[in-house]
2 protein chains.
Amino acid sequence: MREDVFAALASPVRRQLLHLLLDGGSQPVGRLAERFDMARPSVSEHLKVLKDAGLVAESRHGRERHYRLEAAPLMEIRDWLTPYERFWRERLADLGTVLDDMEDRDDDNR
Amino acid sequence: MREDVFAALASPVRRQLLHLLLDGGSQPVGRLAERFDMARPSVSEHLKVLKDAGLVAESRHGRERHYRLEAAPLMEIRDWLTPYERFWRERLADLGTVLDDMEDRDDDNR
DNA sequence: ACTATAGGTCGGAAATTTCCTACCAGTCAA
DNA sequence: TTGACTGGTAGGAAATTTCCGACCTATAGT
């Protein structure tokens, strides 16, 4: 478990899967697969990646397998993000200054 | 620009690069590359991915190129994360026992 | 029992990523 | 100018990802 949450989120398909589970609740694979333009085994593979990252969990109901969201590992992302928050707020604060990204002038060095 | 921020963060090397820029400030490529076990051109490629995602910007200083953090695109990640926050707080409130998830902090290695 | 349904896994093809060693362009310093 | 230094790019090997059709197992219903 904990097979790199960042990598799991790198695919738009997998992010969409999480979103479907977020506002559709626990769902069988077939229902999830309907929403995509790809074959069901491919969706299964994506679900496996999410499961290895701890982002979803499955439960058996008869011959169906319901996948549900496990949002806890997303805390790792949020925690990683935290030290950057200050930084982007600074940038937004003084946008009265130069905004050209491509242009260069000497900024702070240390 | 905006070449998928999630994908850019999928690589541990690139996350570490951002971290180096976060607390080391603007730095030339060589100084960044020293910190890794890989050849400099590889680090250059990673920087290019970060630049395409809008996460870093470069500025020329003599024969050096200084890369600096551009944290703004990380807002996209935070915004994506937001609807999940409610969900994981619910989970944590229920159990209150499983705290071993908090063990893994940063993953910057190599 | 038999058939249909749900969904994993198994190769394999294609595309992408990741890393390397060259090599090239620009810049500084003699 | 000749060098030394910084860092991009080119091309390619290797590994990984992504997708597929084909197959297998398990369950449900008849």
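Every heavy atom of this structure was used, including side-chain atoms; hydrogens, water molecules and symmetry mates were not. Only a predicted model underlies this, so the values are computations on that prediction, with no experimental measurement involved. Naming convention: chains lettered A, B, ... in sequence-line order (proteins, then strands); numbering from 1 in each chain.
Rounded to whole Å, the distance from CG on B/Leu32 to P on D/dG7 is 9 Å. At whole-Å resolution of the value, CG in A/Leu47 and P in C/dT9 are 11 Å apart. Between B/Glu34 atom CD and D/dT6 atom P there is a gap of 10 Å when expressed in whole angstrom units. Atom C1' of nucleotide D/dA10 and atom NZ of B/Lys48 are separated by 12 Å, given to the nearest angstrom. Atom CZ of B/Arg60 is separated from atom P of D/dG7 by 11 Å (rounded to the nearest Å). Summarising the geometry, the separation between CG on B/Asp52 and C1' on C/dT18 is reported as 16 Å, rounded to the nearest angstrom. Distance B/His66 NE2 to C/dG26 C1': 16 Å, rounded to the nearest Å.
To the nearest 0.5 Å, atoms OG (B/Ser26) and CD (B/Glu58) are separated by 10.5 Å. With rounding to the nearest 0.5 Å, the separation of NE2 in A/His19 from CG in A/Leu69 is 11.0 Å. Distance check, rounded to the nearest 0.5 Å: CG of B/Leu50 to CD of B/Glu70 gives 12.0 Å. Atom-to-atom distance recorded for B/Leu18:CG and B/Asp23:CG is 11.5 Å, nearest 0.5 angstrom. To the nearest 0.5 angstrom, A/Met38 atom CE is 11.0 Å from A/Glu45 atom CD. Atom NE2 of residue A/His66 and atom CG of residue A/Leu21 lie 11.0 Å apart, to the nearest 0.5 angstrom.
Among the nucleotides D/dG7, C/dT9, C/dT5, the one closest to any side-chain atom of A/Arg63 is C/dT5. Which of C/dG7, C/dA6, C/dG26 sits closest to the side chain of A/Arg65 comes down to C/dG7.
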Pairing of DNA chain D as dot-bracket, 5' to 3': ( ) intra-strand, [ ] crossing, | other strand, . unpaired, with Watson-Crick or G-U pairs under 3.5 Å? |||||||.||||||||||||||.|||||||
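Between B/Leu9 and A/Leu9, the closest side-chain pair of non-hydrogen atoms is not below 4.5 Å.
By the rule that hydrophobic residues join a cluster once side-chain heavy atoms approach within less than 4.5 Å of another member, A/Leu74 and A/Val49 end up as members of separate clusters.
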Heavy atoms under 4.0 Å is the rule here; annotate nucleotides 11-23 of chain D 5' to 3' with B where the base is hit, S where only the sugar-phosphate is, and - elsewhere. -------SSBBB-
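The residue A/Phe36 sits apart from the nucleic acid: no heavy atom pair falls under 4.0 Å.
In summary, of the residues considered (B/Arg14, B/Gln16, B/Arg15), a side-chain contact (heavy atoms from CB on, under 4.5 Å) with B/Pro12 occurs for B/Arg15 alone.
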